[in-house]
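Here the structure comes first, spelled out in structure tokens, and everything after it is commentary.
For the numbers below, each heavy atom of this structure counts, side chains included, while hydrogens, waters and symmetry mates do not.
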Amino acid sequence: MSFIPGSLGFDEFGTPFIIIKDQHKQRRLTGIDALKSHIMAARSIAKTLYTSLGPKGLDKMMVSSDGEVTVTNDGATILNMMDVDHEIAKLMVQLSQSQDNEIGDGTTGVVVIAGALLEQAEHLLDQGIHPIRIADGFELAAQSACKHLDSIADSFPVDINNLEPLIKTAMTTLGSKIVNKCHRQMAEIAVNAVISVADFDKRDVNFELIKVQGKEGGRLEDTMLVKGVVVDKDFSHPQMPKELKNVHLAILTCPFEPPKPKTKHKLDVASVEDYRALRKYEQDTFNDMVKKVKDAGATLAICQWGFDDEANHLLLKHELPAVRWVGGPEIELIAIATGGRIIPRFEEVSKEKLGYAGKVNELSFGTTKDKMLVIEECKNSRAVTIFIRGGNKMIIEEAKRSIHDALCVVRNLVQDNRIVYGGGAAEISCGIAVSTEADKISSIEQYAYRAFADALESVPLALAENSGLSPIDTLTQVRARQIKENNPALGIDCMLVGTNDMKEQNVIETLHSKKQQIILAAQLVKMILKIDDVRVPGENFE
């Protein structure tokens, strides 16, 4: 018998009918009402991020349920921390996250474009155009815009001997962040970090080799790039030397303690002799462990686990400095940097498995005497650490997000060295191209094309508005100049420098990022426009 969604009943004439459980509690939206509801939810999310776009964009303060405060203008972070209930609004959060995962930058712009496309779609729906025709028109317009971006893109030299163009691109990304007061320095750090770990033959960058570490106290200007690894630990004993040179490291994932049987066990100590024998066994075991590490030629032991005071005393006595409780990811990074092997058992300690570092020293900070270890001049110079300082935890976390965006942009340029110009220049140029294309189309999709062109102009409008300029006046002037001079590098002068030429201002964005923004926004809008029926079991909806 097939499944019946509810109970079966019969009327007085014997005709069967189905009584569906809790139908009165269910919420259902269909047709144009469902589409309008989705568009309104998505636009409200886009509106939140609208004021965060560009170098003069405003920050948002997010307070979590446990009272933790985050101040940021990074689109993906804002949306991640928003407590969003609506299904379509959640899709906007995922859109921003996918842009962050794939590109690392442009997370605010992609949501603003998607919100503007949905706003234009609402006007077209009111004119009676079918949502599928709108969605198809948007997809064709997105393809047309991407082709135009390819035609206006400039090639970009990625040269190890001349890093200035890369630094200027990174500065564009950092211009809207909290670190912009020292963004030249931050851009240089990001570029040098990527160049250190980049594989130019494969045109790839392994981000696992770049560690970003923060420490409260000091100023943002004290941020530095360490060609090695920074570990938030200190030497296990205060009398161990604070600086070591020509260090051979034993990287251990086995603890300095006597071995225990794997099964459940119970040890009865019945006499003093038994206790002394046990004590001697422990001492001999510790001595044997330290001897094995020393005999292999190690001058520093880095241990994933802790060890007790007795083992610590023996290590000091045998003049073997040690660091304990070093986390798994840090252990792996130290192994990569020093060229050592991770040793799981003391029996396997050998000279060949030791790592090498030219210098290991302990840094001390401020009056709190917080200590950190810096491992430098490693065998594999490709592992680097960006060490961020800041007045409080909030600034450090925002600086980490900003550095991440800059690292991603430089990585994208190493992979694909084509660029377009920012400040809304690329969007205005694409809008003009898509509008021109619309005139060649005889079908109803030409309306969607024109709407797509209008939606692209939401980015320069937002940039002008956030910079305190008159949005419509500024956009129309720049648009007219782009058509007249045939110059796709003209954009919004957000910094009030006096020129609209983004090439002169060095406002540069990667082609890959801009294309991805347009494609992802168009795909999401198409998906939303194809939903015309929503059923939600409404426990709270009565």
- Message: I'd like to know if K227 pairs up with E376 as an ion pair, taking the criterion as any Lys NZ or Arg NE/NH1/NH2 lying under 4.0 Å from an Asp or Glu carboxylate oxygen.
- Response: no
- Item | Pair K215-R389, side chain to side chain contact (heavy atoms under 4.5 Å, CB included): steps then yes or no | CA-CA 5 Å; K215 191 75 176 173; R389 305 301 310 280; 3.9 Å; yes
- Are any non-hydrogen side-chain atoms of D204 and Q415 less than 4.5 angstrom apart? yes
- Query: Is the side chain of S96 donor-acceptor paired with the backbone N or O of M92 at a distance under 3.5 Å, no angle test?
  - Reply: no
- Just wondering, are more than 12 heavy atoms of other shown residues or ligands nearer than 6.0 Å to CG in D126? yes
- Note on the structure: OH of Y449 to OG of S144, rounded to nearest 0.5 Å, is 5.0 Å
- Task: Would you please test H148 and V434 for side chain to side chain contact (heavy atoms under 4.5 Å, CB included) and show each step?
- Result: CA-CA 9 Å; H148 180 69; V434 171; over 6 Å; no
- Can K530 and D136 be counted as an ion pair, charged N to O under 4.0 angstrom? no
- Item | Distance in Å, D105 CG paired with T169 OG1, rounded so as to fall on 0.5 Å steps | 11.0 Å
- Message: Other residues, nucleotides and ligands only: do more than 12 of their heavy atoms fall within 6.0 Å of CE on M40?
- Response: no
- Task: List the steps and the verdict of side chain to side chain contact (heavy atoms under 4.5 Å, CB included) for L53 and V459.
- Result: CA-CA 8 Å; L53 193 68; V459 171; 4.0 Å; yes
- Query: So, the side chain of Q517 versus the backbone of G106: is there a donor-acceptor pair under 3.5 Å, distance only?
  - Reply: yes
- Message: Would you say CZ of F387 has more than 12 non-hydrogen atoms from neighbouring residues, nucleotides or ligands within 6.0 angstrom?
- Response: yes
- Report the distance from atom CD of E122 to atom CD1 of I134, rounding to the nearest 0.5 Å. 10.5 Å
- From I472 atom CD1 to L461 atom CG, the distance as rounded to the nearest 0.5 Å: 5.0 Å
- Message: Less than 4.0 angstrom from a charged side-chain N to a carboxylate O is my criterion; do R219 and D222 meet it?
- Response: yes
- If you measure from the Lys or Arg side-chain nitrogens to the Asp or Glu carboxylate oxygens, is any gap between E87 and K90 under 4.0 Å? no
- Sidechain-backbone polar pair: K168 side chain, I508 backbone, donor-acceptor under 3.5 Å: no
- Message: For D439, is there an ion pair with R450 - N to carboxylate O distance below 4.0 angstrom?
- Response: yes
- Task: For the pair D501 and K503, find out whether any cationic side-chain nitrogen is under 4.0 Å from an anionic carboxylate oxygen.
- Result: no
- To the nearest 0.5 angstrom, please state how far the CG atom of D83 sits from the OG atom of S64. 11.0 Å
- Counting only heavy atoms not in E208, do more than 12 fall under 6.0 Å of its CD? no
For a quick test of your reading: what N or O donor-acceptor pairs under 3.5 Å do the side chains of residues 185-199 make, sequence neighbours left out?
residue	atom	partner	partner atom	Å
Q185	NE2	E221	O	2.9
Q185	NE2	T223	O	2.9
E188	OE2	R184	NE	2.9
E188	OE2	R184	NH2	3.2
N192	ND2	E188	O	3.0
S196	OG	N192	O	2.7
D199	OD1	D201	N	3.2
D199	OD1	K202	N	3.4

- Got a sec, which residues hit side chain to side chain contact (heavy atoms under 4.5 Å, CB included) with D100, two or more places apart in sequence or on another chain? A76, Q97, T107, H404, D405
- Is there a donor-acceptor pair under 3.5 Å between the side chain of N500 and the backbone N or O of G491? yes
- Do N487 and R481 come within less than 4.5 Å of each other through their side chains, counting heavy atoms only? no
- Residue pairs involving residues 66-78 (criterion salt bridge (charged side-chain N to carboxylate O under 4.0 Å, His left out); sequence neighbours excluded): D74-K177
- Task: With rounding to the nearest 0.5 Å, note down the distance linking CD1 in I396 to CD1 in I403.
- Result: 12.5 Å
- Give the intermediate values and the outcome of side chain to side chain contact (heavy atoms under 4.5 Å, CB included) for residues N73 and L58. CA-CA 7 Å; N73 74 349; L58 303 174; over 6 Å; no
- Item | Atom of A425, atom of P488 and distance for their closest heavy-atom approach | CB-O, 3.4 Å
